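Contents: one structure, followed by commentary.
So you know, we letter chains A, B, ... as the sequences are listed, proteins then strands, and number each from 1. On a predicted model such as this, the values are computed, not experimentally measured, just so you know.
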Amino acid sequence: MPELPEVETIRLGLEERLLGALIKTIDLRDQKLTRGQVDLLTIKKLVENNYLVKFGRCGKNLLLFLSNGNILFWHLGMTGSFKISENIEEIPYLRAYLETDKGYLLYSDIRRFGKLGVIKSTNELKKGIDPLGDNYLYDNFNKLLTSNKVIKSFLLDQEKISGIGNIYADEILWKAKILPNRPANSLSTEEINRLFKTIPEVLKEAIKHRGTTISDYRDINSNPGEYSERLKVYGKEGKPCNECQGIIKKIKLGGRSSCFCSDCQK
DNA sequence: ACGTAGTCCTGACGGC
DNA sequence: TGCCGTCAGGACTACG
């Protein structure tokens, strides 16, 4: 579910509501959340009785910076979402929560693909270039496009560019007018330029509209994202393209469905 | 080094 | 109504 724009929307919401809050308790109801890398007692020791001094994001990871210098990273997987509440509400699929002096941060996750852990530095997260970060520079981007792997899979590879998921990969390629099955190293200079520019454009526009809701995604105030109304190709197979009236097609690439307009995209 | 398929989970939807 | 297959915003592993 949550790709970069959704995680960023959540980050902004948390900043508004929980910046400076004191964490009293962390509880994990689903032990799978840490993938066996840390036990609950250790997590508690590292996290409890700390202030939330900053909220960050790294690709699709949400980062909670603690006053003891540790960072709690939280990946929402496919269906993770947060809600802030005065009490522990027994919301469905509640998998973890933080009790703070500014309220409870409840985490629910239907499919249990979410993951969290405590790190000392963001270097510990495997990650590529964040398209909204300082390292997103043309030369760095260009250097990555050397393989013949299809461009759609390249965009989804978090170790190259981090934050793009299946929805935005399709939307970006449509806007950049590039077919999803083109080998990455076959792009012309002009196409690379277009792609380089389009990636942050689409992501920023989506953040402006507080992300995309297909079914599960909600921001921390339980509001759906409004970028769903602006999608041009994702989930639009069989419908006419906005731009040219051609019919949107759907194919599988790297095991993921990919929607595109074969007239607009070359 | 690459692509692909299987795996982890749970729920929704369509076809018969 | 019920059963079954397929699919879903992600990402890891194993295999060829």
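Anti is the conformation of B:dG11, whose glycosidic angle sits further than 90° from 0.
In this structure, CG of A:Leu156 is placed 15 Å from C1' of C:dC12, rounded to the nearest angstrom. The interatomic distance linking A:Lys152 (NZ) with B:dT4 (P) rounds to 13 Å, in whole Å. For the pair A:Ile151 CD1 and B:dC2 C1', the interatomic distance rounds to 15 Å; values are reported in whole Å. As rounded to whole Å, 13 Å separates atom C1' of B:dA1 from atom CG of A:Asn185. Residue A:Glu237 contributes atom CD, which lies 17 Å from atom P of C:dT6 at whole-angstrom precision. As rounded to whole Å, 12 Å separates atom P of B:dA5 from atom CG of A:Leu253. Counting to the nearest Å, the P atom of C:dG9 and the NZ atom of A:Lys60 are 10 Å from each other. Between the P atom of C:dG9 and the CD1 atom of A:Ile172 lies a distance of 15 Å, rounded to the nearest Å.
Put simply, the side chain of A:Ser228 gets close to the backbone of A:Thr213: a donor and an acceptor are under 3.5 Å apart. Between the side chain of A:Lys32 and the main chain of A:Arg112, a donor-acceptor pair closer than 3.5 Å is present. No donor-acceptor pair under 3.5 Å is formed between the side chain of A:Glu89 and the backbone N or O of A:Ser85. In terms of modelled atom types and a separation under 3.5 Å, the side chain of A:Gln158 and the main chain of A:Ile164 share a donor-acceptor contact. Looking only at distances, no side-chain donor or acceptor of A:Arg194 sits under 3.5 Å from a matching main-chain atom of A:Thr198. Under the 3.5 Å distance criterion, the side-chain polar atoms of A:Asp27 are left unmatched by any main-chain donor or acceptor of A:Ala96. For the pair A:Asn50 (side chain) and A:Glu48 (backbone), a donor-acceptor distance under 3.5 Å is present. Looking at A:Glu3, its side chain does come within 3.5 Å of a backbone N or O of A:Ile167 through a donor-acceptor pair. Looking at A:Gln265, its side chain never comes within 3.5 Å of a backbone N or O of A:Lys177 through a donor-acceptor pair.
Between A:Lys149 and B:dT4 there is no side-chain N or O to OP1 or OP2 distance below 4.0 Å. The phosphate of C:dA11 (OP1 or OP2) has a side-chain N or O of A:Gln158 nearer than 4.0 angstrom. For C:dA11, the OP1/OP2 oxygens have a side-chain nitrogen or oxygen of A:His75 closer than 4.0 Å.
Checked against A:Arg95 for a side chain to side chain contact (heavy atoms under 4.5 Å, CB included), the options A:Asp30, A:Leu116, A:Leu106 give a single hit: A:Asp30.
A:Val233 belongs to a hydrophobic cluster whose remaining members, ordered by chain and number, are A:Trp174, A:Ile248; membership requires side-chain heavy atoms of ILVMFWY residues under 4.5 Å apart, directly or through intermediates.
Distance noted for atom C1' between B:dC9 and C:dG2: 23 Å (whole Å). On the C1' atoms, C:dG9 is 23 Å away from B:dG3, given to the nearest whole Å. Taking the P atom of each, C:dC3 and B:dC8 are spaced 24 Å apart, rounded to whole Å.
Atom CG of A:Leu72 and atom CZ of A:Phe55 lie 10.0 Å apart (nearest 0.5 Å).
With hydrogens and angles left out, the side chain of A:Thr79 and the base of C:dG9 share no donor-acceptor pair within 3.5 Å.
Crowding of A:Phe196 atom CZ: a count of heavy atoms from other residues, nucleotides or ligands under 6.0 Å exceeding 12. The number of heavy-atom neighbours closer than 6.0 Å to CD of A:Glu86, taken from other residues, nucleotides and ligands shown, is 12 or below. Residue A:Glu16 places its CD atom among 12 or fewer non-hydrogen atoms of other residues, nucleotides or ligands, all under 6.0 Å distant.
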Under 4.0 Å protein heavy-atom contact, by nucleotide of nucleotides 7-14 of chain B - B base, S sugar-phosphate only: -BBBS---
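Hydrophobic cluster membership differs between A:Tyr97 and A:Val47, with clusters built from Ile, Leu, Val, Met, Phe, Trp and Tyr side chains linked at under 4.5 angstrom. Neither A:Leu125 nor A:Phe113 shares a network with the other; the hydrophobic side chains, linked directly or stepwise wherever heavy atoms of I, L, V, M, F, W or Y lie under 4.5 Å apart, form separate groups for each.
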Can you give me the N/O atom pairs linking the protein to nucleotides 14-16 of chain C at distances under 3.5 Å, or say none if there are none?
none

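Residue-level contact check: A:Gly165 touches the backbone only, with heavy atoms under 4.0 Å from sugar-phosphate atoms and none from bases. If you check every strand for non-hydrogen atoms under 4.0 Å, A:Ser257 touches sugar and phosphate atoms only. When heavy atoms are screened at a 4.0 angstrom cut-off, A:Ser147 is found touching the sugar-phosphate backbone but no base atom.
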Bracket notation of DNA chain B in which parentheses pair within the strand, [ ] cross earlier pairs, and | pairs with another strand (Watson-Crick or G-U, under 3.5 Å): .|||||||.|||||||
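Annotation: proximity of residues 219-231 of chain A to DNA chain C (heavy atom, distance under 4.0 Å) is found for no residue. Against DNA chain C, the stretch residues 204-211 of chain A makes no heavy-atom approach under 4.0 Å.
The listed nucleotides are C:dG10, C:dA8, B:dC2; the one nearest the side chain of A:Glu3 is C:dG10.
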Derivation and outcome, side-chain hydrogen bond (donor to acceptor under 3.5 Å, both in side chains), residues A:Asp216 and A:Thr79: CA-CA 6 Å; A:Asp216 301 306; A:Thr79 50; 5.6 Å; no
